[in-house]
Amino acid sequence: MILLKNCYYIASFDDDKSFSDTDILIDGNRIAKIGKEINVDTAEKNDLRTIDCPSLVVIPGLVNTHHHFYQTLTRNVKPVQNAKLFDWLVYLYEIWKNIDEDAVYYSSLVAMGELLKTGCTLSTDHHYVYPENFKGDLMGIQFKAAEKLGMRFSPTRGSMSLSKKNGGLPPDSVVQTEAQILEDSLRVIEQYHDTSEDSMRKIVLAPCSPFSVTKKNMKEIAKLARNYKVRLHTHLAETKDEENFCNDKFGKNPLALMEEVDFLGEDVFFAHGIFFNDDELKVLKETNTSIAHCPSSNMRLGSGIARVREMLDMGINVGIGVDGSASNDSSDMLGELRNAMLLQRVKYGPSGLTAVEAFKMGIENGNKILNFHNAGKIKEGWLADLALFNINKIEYTGSLSDPLAALIFTGINHQTEYTIVNGRVVIDKGKLTGEDEDLIIKKGNEIAARLLKN
Ligand SMILES: [Zn+2]
């Protein structure tokens, strides 16, 4: 049991209720009680950990809806610091083709460590590079890392089947055959997909993009996902280059191509979605298809500004993703909410996005995208996935008339004091509890140097 004693401010995201100077009792993996001066039975006091929270703002854990963990090892690579998406990809594929088991494990620890430290409790990942010489269970390695750090994890089985020789963008060395992709997608669903209410493992299927996967393969993957009721994901409408590619090769826009391969619906979410026209937005709305908005990546690659304000007004479900660490180049989840809020204001003026809307995208909409229905509210009976930020610091001073908005309007870093996932304290006084941070840093830097040298 954990008692969060005397919390300065709790933003429940349950009918916009908030509480001051209130306790939260966690029993097992659930929120058991919210109230003033909660008393715990003497019999239960032996297992009780009490955390004093008079300086802490408590929110439900944030949800990251798009990432590429392996890219944490190729951040900030100088030759492509200023490249646009296609040039950036072509350069990096040559480095990524040497990714091995160690690289997958430690990059997952790096990415998840950073996410947990910035308030994220549930993340997806989109791993689509399966080099020829990679042996072993790639997703199993990622689940091992997630379990070690205590993250709720819904990875996608990514894939690429269309290489350069057939008109795609990636080299042969990182693509797989359609049969290999289908076989392994089925394996990971059967081996790992857990549909229980408090699942720590949910699988998504995610062919990489229209310029790296065959149409036939996308259709087959959609069919497989629906047979097993798992979600579908891909990159879409990220750049003008992609739109031109689709029109040249298939004679249609990216979204029309998705319609052709059965990639629309309540179970589908697209990363980015910048270049949709009015009619295409209507299709998203009518089909209940969701968007994972990645503002930092879109700014970093100079891709453009997604029409999030209009999407939200139309009732389209939009979550937030940090995107891969080679195009962000961080996994700062709370910072991503700040960037989402600010970037919409560049396009639409000061009412482009409010702080509360940014939080709702990062919490409620994200949980909906990843198909979690008991997380995202601080409410009795709901999953104990929480982020606690210390606002008793210079950088928050003077901002406390609205403690929730203070987290993204002010501050100089976005780190939690505590992060709790499924009732387990995974960030304790700002540090990971599941693994030695120095080891992750050392191994991560060693592997990154080795990859760049190849
Ligand atoms: Zn991406």
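The first residue of the sequence shown is numbered 1, and numbering continues consecutively from there. Just follow the structure's listing: the first ligand is 1, and inside any ligand the first atom is 1.
Formation of a donor-acceptor pair under 3.5 Å by the Asn328 side chain with backbone atoms of Gly324 is not found in this model. Here the side chain of Lys117 pairs a donor or acceptor atom with the backbone of Gly430 at under 3.5 angstrom.
Residue Ser185 forms a side-chain contact (heavy atoms from CB on, under 4.5 Å) with just one option from Gln180, Glu220, Arg157, and that option is Arg157.
Distances from the Zn ion (ligand 1) show that Glu238 has no N/O/S atom below 2.8 Å. In summary, an N, O or S atom of His68 is located under 2.8 Å from the Zn ion (ligand 1). Residue His126 does not count as close to the Zn ion (ligand 1), with no N, O or S atom under 2.8 Å.
When rounded to 10 degrees, the angle formed at the Zn ion (ligand 1) by NE2 (His235) and NE2 (His66) equals 90°.
The atom of Asp323 that is an N, O or S and sits closest to the Zn ion (ligand 1) is OD1.
Ser303 and His272 are not linked by any side-chain donor-acceptor pair at a separation below 3.5 angstrom, with hydrogens and angles left out of the test.
One finds the CD1 atom of Ile59 at 9.0 Å from the CG atom of Leu386 (value rounded to the nearest 0.5 Å).
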